[in-house]
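Quick notes on the structure that follows.
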Amino acid sequence: MNGWFLKISDFADELLNEIDSLSEWPEKVKTMQKNWIGKSFGASIKFFIENSSDHIEIFTTRPDTIFGASFIAISPQHRLAKKIAKKDFKAADFIKFCENQSNKEIDIEKADKHGYETNLLVSHPFKKNVKLKIFIANFILMDYGTGAIFGCPAHDQRDYDFAKKYSLDILPVIQTEENLPYTGDGIHINSGFLDNLNTKDAIKFCIDKLRKLNIGEEKISYRIRDWGVSRQRYWGCPIPIIFCNDCGEVPVPEEQLPIYLPNDITFDKKGNPLDYHPTWKHTKCPICHKKAVRETDTFDTFFESSWYFARFTDLNPKKAFTEEAIKYWMPVDQYIGGVEHAVMHLLYSRFFMRALKRVNTIDVEEPFISLQTQGMVCHQTFKTKKQKWLFPNEIFKKDNMFFHLNTKEPVEAGRIEKMSKSKKNVVDPQQIIENFGADTARFFMLSDSPPNRDMEWSNSGIEGSWRFLNKLWKFVQGLPKGISNDKLPLNLSNNQKELLKILNESIMETTKAIDEFHFNIAVASVRSLFNYLYTYKIKNDVDKTLIIYVTKKFLILINPMVPHLAEELWDHLAKEQIIANQSWPKVDLNYMQKDRQKMPIQVNGKVRAVIEIPINSTKKDIERIALREKNVLKFLINKPKKVIIIPNRVINFVI
RNA sequence: GCGGGCGUGGCGGAACUGGUAGACGCGCAAGAUUUAGGUUCUUGUAUCGAAAGGUGUGGGGGUUCAAGUCCCUUCGCCCGCACCA
C-alpha cells in the first residue's frame, strides 16, 4: 500500500511501559492499549529448505515445543509463497483464493483453515532425518512476526485443527493429563536435550542452543503496526511533501507552512478532489526549483486530534505552541471522552507528545493525567414493517405493543443499542429543555446513573426532578429577601447543631462525589440536605437566620447542577454578589463531631437492637448498656461464648 | 478463543478500609386538599408471615464473631480484540 506512515512502532516499548504510570486512567483503557501494542517474547528460528540455499525464518513464543513440530506454514503473502506461485499454478490459485477470502466477510469462513501443500521440505534443526512439509496457509498473517510459523499440533489449537484436517503428526512434547491440544506449561518429553525441563527453562535452553548453532535467537514481536496517516479526501491537513522528478520526495520547508487547502473545490467526480484540482498540486521543487507536484493525500483526522489540546493552550497565531503556555497548562488535568477512543486517539496522542518532545518542540510525555471515559447512552430501536427506522418520538405504546403515532400501524421493536443517527434511536434533548428547562434536564441527567457506565435513556423520572426544583423555588421564595448574614448564632440549640451537622455531612459527601464523577450521588446528597432543611423550616420557622445560612450553602452546592435556578434564588437571598463567584463551602469538622453514636447490637451476627451511646464509651460500658436491651436478652439464652466490641461500630454476642 | 466489566427491590441505582443492605429517586398503593383529572401534601412500599420471627445482593461452596464487599467454583449479560504463532 502506498502512503505515509508515522513510525509509532519505534515508541512501542515506551508507550507500553509508561501505561503503568497512568494511575488515574481506567484499568480497561490501559489493558486495551497493552493488548493493542501486543508485546510478546519468543524466538526466531531459521529452517533450511532441502535442495536449496534458501531458508525460512519463523517467529514463535514457544520455542520449547520445537520437538513437536510437524509442519511449516507460511502466509499467502510471504515472499516464498510468491516465489513458489511463479512456477506452481495451483499454488497461485490458492493464494488468489486466500486474497479474495480476506477481502470479503471473513467472519463466516473464519473458523475454516485452508492450506496448500507445497513440494518443499525443510529439515528439523534438532531431529536429524526429520523433514517438515511447507504449507501455504490462510490463517498465517503476514503482518505479524515473520509471516511464517512452525506448527506444533499437540500444543496449539490452530495447529491442531490444521493437522487434523491434513493428517499431520501430532506429537506431544509436554506431559499432561488433559486433552490435546494442551497449551499450558509442564515437563517436556520426547524433546531430546529439553527432556525433563519445565517450560520456562526449556525456552531459555532452546534459545541458547539455537544461538550457538547460529540458526535462531531471542526475539520480541509487537502487534502494533505503524500508523498509516494518508487519506484521499479533501477535509484534512495536507501532507507537506513535494514530489520532484530529480530530487525525489522533498519536505515542504518550514517557512512555506502551513499549506492551505484550495477553496474552489468540487466534489462532482470520483476520487481525491485535491488530485483533480486544476492548479493546486502544481508547484516548484524547494531544492532545484523545477516543476514539481504536491502530495495530494491529506492527514488522517486523528493526526490533528493528537495535539489540538496542546494547541489550545495559546492563541498565538504564528506558532503552534508557546513554551510558557505549554509549561503552564500541560498536561491536561482531566480528560473526558468516550471509550471508543481507548486505543486510537488516546494512544496516538501519547505518541505525538513523545514525538514532539523528541524534536524539542514541547516537554510533555503523557498528555492526560486523569482520564474519564463516559459510557454510551442507549435506546430501543424501532422499525416499520417495511424496515424503515423510526424515531422514538414517532412511537406510542399500548398494551405492551408499539404503534406508529401517525399511521397507527404496529411497529417492530428492536434491540436496545447505543444511540446513533442511522438507527434513529435518538432522543432530542431540545424537547425536554422546552418542556422543563435546561436546569431540570441537566439535574435529571446527572441524577440518573454514573457517567462512566452505559445507560438506557428513559424519560421516566424527569417529572420528579421538575417537582423537586419547583419545591426548591417555592421554598426560597418564601424566605425573606436580602438577609445576608453569614454569621452563626452563638449559642446553638441541639436542633440547630443537628442541622449544621447534616449540612456539613452533605458538603463533604457532595464534594467527594463530584470529585469522583459520581454525580448521581452528589444529587442524592443535595436532595437529602434539602429534605432535611425543608422539614426543619416547617418545625422551626422562626429560626430564619440559620435557615438562610444553610440555604445559601445549599445553593452553592446545587449550583453546578442547576446554575440558572441557583443564580436566581441566590439573587433573592443575597444581593451582594452572584453565586458563580462564591467559593465552595468548606467542611467544618466542629459541627460534625458527634457526642453520641448509634451502634447495632448483634447476637450471632444478627442485628437485634440499636443503641445510642456516648461516643468513645469504654468496651465495658458498651457491653453493660447493650445488655439492658430486652430484645438482646431474649436471644441470650446461654451465656455468650465471646463478645466482640468494635467501639463506635458494632457489638456482637456469640452464643 | 483471549482480555476487561457487570449481575443488589417492579425500575434507575446507593452501601467508606468486611460491621444496621436497599441511601436518593422513579413507579406503585392508601389517605388529605380539590367540583373531575392534574398539581400539592402525608403515610407506606425487598420478600414470606396475623405476629414473633424467618429469608434475601445470579447459583453453589469456603474464610470470618460478622461477607453485597475477601477466596474458590459455576451460570448469565455487556464491551473490546480476534487465526497475533
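We use all heavy atoms of the structure for the numbers below, so side chains are in, but hydrogens, waters and symmetry mates are not. Nothing here was measured: the structure is a model prediction, and the numbers come from that model. Letters go in sequence order (proteins before strands), and every chain restarts at 1.
- The pair A:Asp161-A:Lys164 fails the salt-bridge criterion, with no side-chain N (NZ, NE, NH1 or NH2) lying under 4.0 Å from an Asp/Glu carboxylate O.
- Protein atom CG of A:Leu529 is 16 Å distant from nucleotide atom C1' of B:rG25, rounded to whole Å.
- Judged by Watson-Crick or G-U wobble contacts below 3.5 Å, the nucleotide B:rU35 has no partner.
- Closest contact between the side chain of A:Asn35 and the listed nucleotides B:rG3, B:rA85, B:rG80 involves B:rG3.
- The side chain to side chain donor-acceptor pair (under 3.5 Å) search around A:Asn631 returns A:Lys634, not counting sequence neighbours.
- Residue contacts shown for A:Ile140 include a base, since a base heavy atom lies under 4.0 Å away.
- Comparing B:rC75 with B:rG59, their P atoms sit 15 Å apart, to the nearest whole Å.
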Check the interface with nucleotides 27-34 of chain B: list each N/O to N/O pair with the protein under 3.5 Å, or write none.
{"unit_1": "B:rG27", "atom_1": "OP2", "unit_2": "A:Arg467", "atom_2": "NH2", "d": "3.3"}

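- Under the side-chain contact (heavy atoms from CB on, under 4.5 Å) criterion, A:Ala163 pairs with A:Pro153, A:Leu168, A:Ile170, not counting sequence neighbours.
- Backbone-only engagement by A:Arg527 is indicated by non-hydrogen atom pairs under 4.0 Å involving sugar-phosphate atoms exclusively.
- With A:Phe139 as the aromatic partner, A:Lys113 meets the cation-pi criteria of under 6.0 angstrom to the ring centre and within 45 degrees of the ring axis.
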When you compare the protein's N or O atoms with those of nucleotides 51-57 of chain B, which come within less than 3.5 Å of each other, and at what distance?
{"unit_1": "B:rA52", "atom_1": "O3'", "unit_2": "A:Lys634", "atom_2": "NZ", "d": "3.2"}
{"unit_1": "B:rG53", "atom_1": "OP1", "unit_2": "A:Asn631", "atom_2": "OD1", "d": "3.4"}
{"unit_1": "B:rG53", "atom_1": "OP1", "unit_2": "A:Lys634", "atom_2": "NZ", "d": "2.7"}
{"unit_1": "B:rG54", "atom_1": "OP1", "unit_2": "A:Arg608", "atom_2": "NH2", "d": "2.8"}
{"unit_1": "B:rG54", "atom_1": "OP2", "unit_2": "A:Arg608", "atom_2": "NH1", "d": "3.0"}

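- One atom, CG of A:Asn452, and another, C1' of B:rG12, lie 15 Å apart when rounded to the nearest Å.
- Look at CE on A:Met32: it is 15 Å from P on B:rG3, rounded to the nearest Å.
- Summarising the base pairing, B:rC28 is matched to B:rG44 through a Watson-Crick or G-U wobble pair whose two defining distances lie under 3.5 Å.
- For A:Ala81, the side-chain contact (heavy atoms from CB on, under 4.5 Å) partners two or more places apart in sequence, or in a different chain, are A:Ile74, A:His78, A:Ile95, A:Ile136.
- Distance, A:Arg223 CZ to B:rC81 P: 9 Å, rounded to whole Å.
- At a threshold of 4.0 Å, the pair A:Lys501-A:Glu498 counts as salt-bridged, since one of the basic side-chain nitrogens sits closer than that to a carboxylate oxygen.
- Residue A:Asn531 is classed as a sugar-phosphate contact, given heavy-atom separations below 4.0 Å to backbone atoms only.
- Distance noted for atom C1' between B:rG4 and B:rG13: 22 Å (whole Å).
- Residue-level contact check: A:Ser447 touches neither bases nor backbone, having no heavy atom under 4.0 Å from any strand.
- The base-pairing partner of B:rG1, taking Watson-Crick or G-U wobble contacts with both distances under 3.5 Å, is B:rC81.
- In summary, A:Asp20 and A:Lys34 engage in a salt bridge, as defined by a charged side-chain N under 4.0 Å from a carboxylate O.
- Within the structure, the salt bridge (charged side-chain N to carboxylate O under 4.0 Å, His left out) test picks out the following pairs touching residues 516-538 of chain A (sequence neighbours left out): A:Lys512-A:Glu516, A:Lys537-A:Asp541.
- Only the C1' atoms considered, B:rG19 is 7 Å distant from B:rA66, to the nearest whole Å.
- Side chain to side chain, A:Ser506 and A:Ser525 meet the donor-acceptor criterion of an N or O pair below 3.5 Å.
- Residue pairs that meet the salt bridge (charged side-chain N to carboxylate O under 4.0 Å, His left out) test with at least one member in residues 606-615 of chain A, sequence neighbours left out, are A:Arg596-A:Glu612.
- Taking the side chain of A:Val654 as heavy atoms from C-beta on, and the options B:rC65, B:rC83, B:rG4, the nearest nucleotide is B:rC65.
- For the P atoms, the distance from B:rG9 to B:rG1 is 29 Å, rounded to whole Å.
- Nucleotides B:rU20 and B:rA30 are separated by 35 Å at their P atoms, to the nearest Å.
- Atoms NE2 (A:His155) and P (B:rA85) sit 17 Å apart, rounded to a whole Å.
- Contact of A:Lys642 with B:rC65 (side chain to base): no donor-acceptor pair of N or O atoms is detected under 3.5 Å.
- Between A:Asp185 and A:Lys200 there is no salt bridge, since no side-chain N of the basic residue sits under 4.0 Å from a carboxylate O of the acidic one.
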Using nucleotides 19-23 of chain B, report all nitrogen or oxygen pairs with the protein that are shorter than 3.5 Å.
{"unit_1": "B:rG19", "atom_1": "N2", "unit_2": "A:Gln602", "atom_2": "OE1", "d": "3.3"}

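- Spacing of P atoms, B:rA23 relative to B:rA14, comes out at 13 Å, to the nearest Å.
- Rounded to whole Å, the separation between the P atoms of B:rC28 and B:rU33 comes to 22 Å.
- Annotation: ring pair (Phe, Tyr, Trp, His ring centres under 6.0 Å) contacts of A:Tyr348 (sequence neighbours excluded): A:Trp227, A:Phe302.
- Mapping A:Thr31 and A:Lys474 onto RNA chain B by nearest heavy atom places A:Thr31 closer to the 5' end of the strand.
- Every side-chain contact (heavy atoms from CB on, under 4.5 Å) that A:Ile538 has, sequence neighbours left out, goes to A:Tyr534.
- Distances shorter than 4.0 Å separate some side-chain N or O of A:Arg453 from OP1 or OP2 on B:rA14.
- Straight-line distance from the CD1 atom of A:Ile45 to the P atom of B:rA85: 14 Å, rounded to whole Å.
- Here A:Lys471 lies in heavy-atom contact (under 4.0 Å) with sugar-phosphate atoms only.
- Glycosidic conformation of B:rG9: syn, with the torsion inside 90° of 0.
- If you check B:rU64 for Watson-Crick or wobble pairing at under 3.5 angstrom, you find it has no partner at all.
- When Watson-Crick and G-U wobble pairs are counted only if both distances are under 3.5 Å, B:rC6 pairs with B:rG76.
- Taking the side-chain contact (heavy atoms from CB on, under 4.5 Å) definition, one finds that A:Ala524 meets it with nothing, sequence neighbours left out.
- With sequence neighbours excluded, the residues satisfying side chain to side chain donor-acceptor pair (under 3.5 Å) with A:Tyr335 are A:Tyr308, A:His345.
- For B:rA52, there is no paired nucleotide, since no Watson-Crick or G-U wobble pair has both relevant distances below 3.5 Å.
- Straight-line distance from the CD atom of A:Glu516 to the C1' atom of B:rA15: 13 Å, rounded to whole Å.
- Taking atom C1' in both B:rG18 and B:rC24, the straight-line distance is 24 Å, to the nearest Å.
- In this structure, A:Met592 places its CE atom 16 Å from P of B:rC16, rounding to the nearest Å.
- Closest to the side chain of A:Thr60, out of B:rC24, B:rG4, B:rA85, is B:rA85.
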